[in-house]
Asks: 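First the structure, then my questions, so here it is.
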There are 2 protein chains.
Amino acid sequence: MNVKIKDVAREANVSVATVSRVLNNIPLVNDETKKRVQDAIDRTGYKPNAIARSLKMQRTNTFGIMIPDITQAYYTQVVRGVEDVCNIYDYNIILCNTDSDPIKEHTYLNVFLEKQCDGILFIGKSLSEDLILAITNSRVPIVLGALSDSEERVPSVSINNDEAAYDITKYLIDNGHKKIGFLTDEDEISYVGIERKKGYIRALESVGIEVNNDYELKGKYTIKGGYDLMDKMLKLKDRPTAVVALNDEMALGAIRKAEDVGLKVPEDMSVIGFNNFSISEWVKPTITTVAQPMYDIGAISARMLIKTINNKQDENKSIFVPHEIIIRDSVKNIE
Amino acid sequence: MNVKIKDVAREANVSVATVSRVLNNIPLVNDETKKRVQDAIDRTGYKPNAIARSLKMQRTNTFGIMIPDITQAYYTQVVRGVEDVCNIYDYNIILCNTDSDPIKEHTYLNVFLEKQCDGILFIGKSLSEDLILAITNSRVPIVLGALSDSEERVPSVSINNDEAAYDITKYLIDNGHKKIGFLTDEDEISYVGIERKKGYIRALESVGIEVNNDYELKGKYTIKGGYDLMDKMLKLKDRPTAVVALNDEMALGAIRKAEDVGLKVPEDMSVIGFNNFSISEWVKPTITTVAQPMYDIGAISARMLIKTINNKQDENKSIFVPHEIIIRDSVKNIE
DNA sequence: CTGAAAGCGCTTACAG
DNA sequence: CTGAAAGCGCTTACAG
């Protein structure tokens, strides 16, 4: 077994209380005995048992973080932002991939609760009513990242997805496009998808373009997904001149499909993406997209959570971080 | 405060010992009282405190995992493999990004030790002598993923990097290339980089090609890194006809640079990558590369670690998983 | 089949 | 300034 506090106490000829005090930098320890303890610690190679400490302190310094799938570039950056600030404030993260599966979400929530996580970060596209109830009931501090709760029951940090979709659709309209396709998620009730659709429709209606339901196609959030969707899109009798895809991977797939059937992008078909995936400036054509500050979303979420825990201030509201249209080569002005 | 075992004991009119027994499915409990306890649990919404349990059981069911940077696509898949099998066996992972920084590595090791992780997964390119000593001293079970220890002190799962580099260099040679550049890591002592260089040189020497030191260029493992390195490569008086990059991101950057100066890939310059990044089949030209089973590396590592913990069998050796050359469009036969 | 009690490794009032 | 003791929430021999 490892050395424990009792062992160093014996070694230093003091009580465990004293050892604990020097460990935790509690000031009222005599300098000389402090040194003796310190020596004993060094000599024995003692490392405090954080589990025992957590049990006593009712605080684990660990957060649970749920994301749909770490394999997706987007989430990767958010997680990195989270972990970096956690590291600064001495927190660690338990990482879980939910695949947006409600079963897994509930299971992991329970794990976080049982493992006494000090807080939870939920990153994703959508938060079910069920889960939010379970979370608020449990009374763990939580922050949502990359999405928000429309009813503001829990704090969140994300872009304004409605606005972002509006802006980008408007950008297409300003470039003369009137027939604009919309490549979205299979998951009908995805919060982010819904918000984005709102913005898309709002933009169309703002200039009196009628919404064509054939132009909304649902598929996977992957390159292949975009590829397949563009295939369908191109089979429409009255095909759009531009398409907005809900992430850059889809946009890339859509571009490739268009090219595969002999169209040129953007000459014959404009495509716009979402998220500013790191690859988007390196493919040909480079992809016009709307950037989210993904790292910041993670970092701010974590910071918010830490603040909540330390100050008991649950006066946190949703905060929107700015998005930005990155103009590159995949959109043509057809006016 | 939350409800604890004592509360459900009172509620069910039994001792905490009995509650604990039904919680842990220990068979010798009367069916009727088991039901009473179960009801009390349901009624109170009791959730066991895993921290308390861990303290008693000396086992946390959590692993620490260190990776250089979750933001890199390669590691993402490894982590997903790890998490998926951990989930099956009821483990969770504490995820840490080290940036391959020795300070962070040591800090995180201590965190894992203090938080009583049952085991550690170390994923990366290189493991310093220092760290391996600290790890073996601590006696935590560990498995290395994506790299291995040349002295076999700790178990690992990875491809045979030497072989992989040999194979891919040989492939270039078989396609008539004699002047072959090598785009590698800045980190001189990276285990993976060293192994790969060995294979590269071995392939050259196997056909009597003299190694040209100018052809080895060190830079960042990113698209931009590859871009910059190709720039240097092209300024060589006697430039190579082909280049092997140590990941696909570098390969992509190298391709873009070549194109930017008016060369065609692969007609004027062949480029080959590593890892089979998901984008590589979607860019133009598609990138010839050597695939590693990254998900499997993660999954197998985790499985190995779990086995070690449960069977006390530290008879684990390094295992090599197969790599595979994926032939696409970025290499030209110039014979 | 069930309960009382010790103990996992810490922290912290309380007393001196 | 320091120590003895209680307690965090569990599990599990031991006794009955």
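Just the heavy atoms: all of them, side chains too, but no hydrogens, waters or symmetry mates, feed the values below. Letters A, B, ... are given to chains in the order of the sequence lines, protein chains preceding strands, and every chain is numbered from 1.
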Asks: Can you tell me how far P of C:dC8 sits from CG of A:Asp7, to the nearest Å?
Replies: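 Rounding to the nearest Å, CG of A:Asp7 and P of C:dC8 are 11 Å apart.
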Asks: Runs of at least three consecutive Watson-Crick or G-U pairs, both distances under 3.5 Å, are what I'm after; which ones involve DNA chain D?
Replies: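 For DNA chain D the paired stretches long enough to count as stems (3 pairs minimum) are C:1-3 with D:14-16, C:5-12 with D:5-12, C:14-16 with D:1-3.
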Asks: Any donor-acceptor pair under 3.5 Å linking the side-chain atoms of A:Asn30 with those of A:Arg36?
Replies: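 A:Asn30 and A:Arg36 do not have a side-chain donor-acceptor pair below 3.5 Å.
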Asks: With a 6.0 Å cut-off (strictly less than), is the heavy-atom count around CD1 of A:Ile103, excluding the residue itself, greater than 12?
Replies: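 Atom CD1 in A:Ile103 is not packed in, count stays at 12 or less.
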Asks: Taking the cut-offs as 6.0 angstrom to the six-membered ring centre and 45 degrees off its axis, would you call B:Lys125 and B:Tyr221 a cation-pi pair?
Replies: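 Checked: cation-pi criterion met.
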Asks: Go through the side-chain N and O atoms of B:Asn2 and B:Lys47 and say whether any donor and acceptor fall under 3.5 Å apart.
Replies: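 Distance-only check fails for B:Asn2 and B:Lys47.
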Asks: D:dC1 C1' sits how many Å from A:Asn25 CG, rounded?
Replies: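 From A:Asn25 CG to D:dC1 C1': 16 Å.
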Asks: Rounded to the Å, how far apart are B:Lys4 NZ and D:dC8 C1'?
Replies: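 Distance check: B:Lys4 NZ to D:dC8 C1' gives 8 Å.
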Asks: Are the charged groups of A:Arg80 and A:Asp84 less than 4.0 angstrom apart, N to O?
Replies: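 Looking at A:Arg80 and A:Asp84, the cut-off is met.
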Asks: Could you list the residues that satisfy ring pair (Phe, Tyr, Trp, His ring centres under 6.0 Å) with B:Phe63, not counting sequence neighbours?
Replies: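 B:Phe63: ring pair (Phe, Tyr, Trp, His ring centres under 6.0 Å) contacts with B:Tyr91.
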Asks: What is the distance, rounded to the nearest whole Å, between atom CD of B:Glu114 and atom C1' of C:dG9?
Replies: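 That distance rounds to 13 Å.
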Asks: Listed by chain and number, what are the side chain to side chain contact (heavy atoms under 4.5 Å, CB included) partners of B:Lys56, not counting sequence neighbours?
Replies: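 Checked B:Lys56 against side chain to side chain contact (heavy atoms under 4.5 Å, CB included); zero matches.
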Asks: Quickly work out the B:Asn30 CG to C:dC1 P distance and round it to whole Å.
Replies: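 Those two atoms, CG and P, are 7 Å apart.
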Asks: Are A:Gln58 and D:dG9 close enough that a side-chain N or O sits under 4.0 Å from OP1 or OP2?
Replies: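 So the side-chain polar atoms of A:Gln58 do come within 4.0 Å of the phosphate oxygens OP1 or OP2 of D:dG9, strictly under.
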Asks: Going by the rule ring pair (Phe, Tyr, Trp, His ring centres under 6.0 Å), which residues pair with A:Tyr74 if we only count those two or more places apart in sequence or in a different chain?
Replies: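 Scan of A:Tyr74 (ring pair (Phe, Tyr, Trp, His ring centres under 6.0 Å), adjacent residues dropped) gives none.
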Asks: If you measure from the C1' atom in D:dG16 to the same atom in D:dT12, how many Å do you get, rounded?
Replies: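 My reading of the C1' atoms in D:dG16 and D:dT12 gives 16 Å.
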Asks: Between A:Arg139 and A:Asn137, does any side-chain donor sit less than 3.5 Å from a side-chain acceptor?
Replies: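 Result is no, nothing qualifies.
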Asks: State whether a side-chain donor-acceptor pair under 3.5 Å links A:Tyr108 with A:Asn97.
Replies: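 No, A:Asn97 and A:Tyr108 have no side-chain donor paired with an acceptor closer than 3.5 Å.
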Asks: B:Asn49 has an atom CG; how far is it from atom P of D:dC10, in whole Å?
Replies: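 So the CG-P distance, B:Asn49 to D:dC10, works out to 5 Å.
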Asks: With the sugar-phosphate defined as primed atoms, P, OP1 and OP2, and the base as all remaining atoms, what B/S/- string results for nucleotides 11-16 of chain D, 5' to 3', for protein heavy atoms under 4.0 Å?
Replies: BBB---
Asks: Within residues 32-40 of chain A, which residues have any heavy atom lying less than 4.0 Å from an atom of DNA chain D?
Replies: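 A:Thr33 - these, ordered by number, are the residues of the stretch whose heavy atoms sit under 4.0 Å from the strand.
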Asks: Without decimals, in angstroms, what is the distance between B:Gln116 CD and C:dC10 C1'?
Replies: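 Taking CD of B:Gln116 and C1' of C:dC10, I get 11 Å after rounding.
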Asks: Using heavy atoms to find the nearest nucleotide of DNA chain C for B:Asn13 and B:Ala52 separately, return the residue whose nucleotide is more 5′.
Replies: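 Nearest-nucleotide comparison on DNA chain C picks B:Asn13.
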Asks: Which nucleotide wins on minimum distance to the side chain of B:Leu55, given the candidates C:dC10, D:dT2, D:dG9?
Replies: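 Of the candidates, D:dG9 comes closest.
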Asks: Is it true that A:Asn92 and B:Lys115 share a donor-acceptor pair across their side chains at a distance under 3.5 Å?
Replies: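 Per modelled atom types, B:Lys115 and A:Asn92 side chains form a pair under 3.5 Å.
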Asks: May I ask you to check whether B:Arg53 and B:Asn24 show a side-chain donor-acceptor distance below 3.5 Å?
Replies: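 There is such a pair between these side chains.
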Asks: In this structure, how many angstroms lie between the C1' atom of D:dA4 and the NZ atom of A:Lys6, rounded?
Replies: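 Atom NZ in A:Lys6 sits about 13 Å away from atom C1' in D:dA4.
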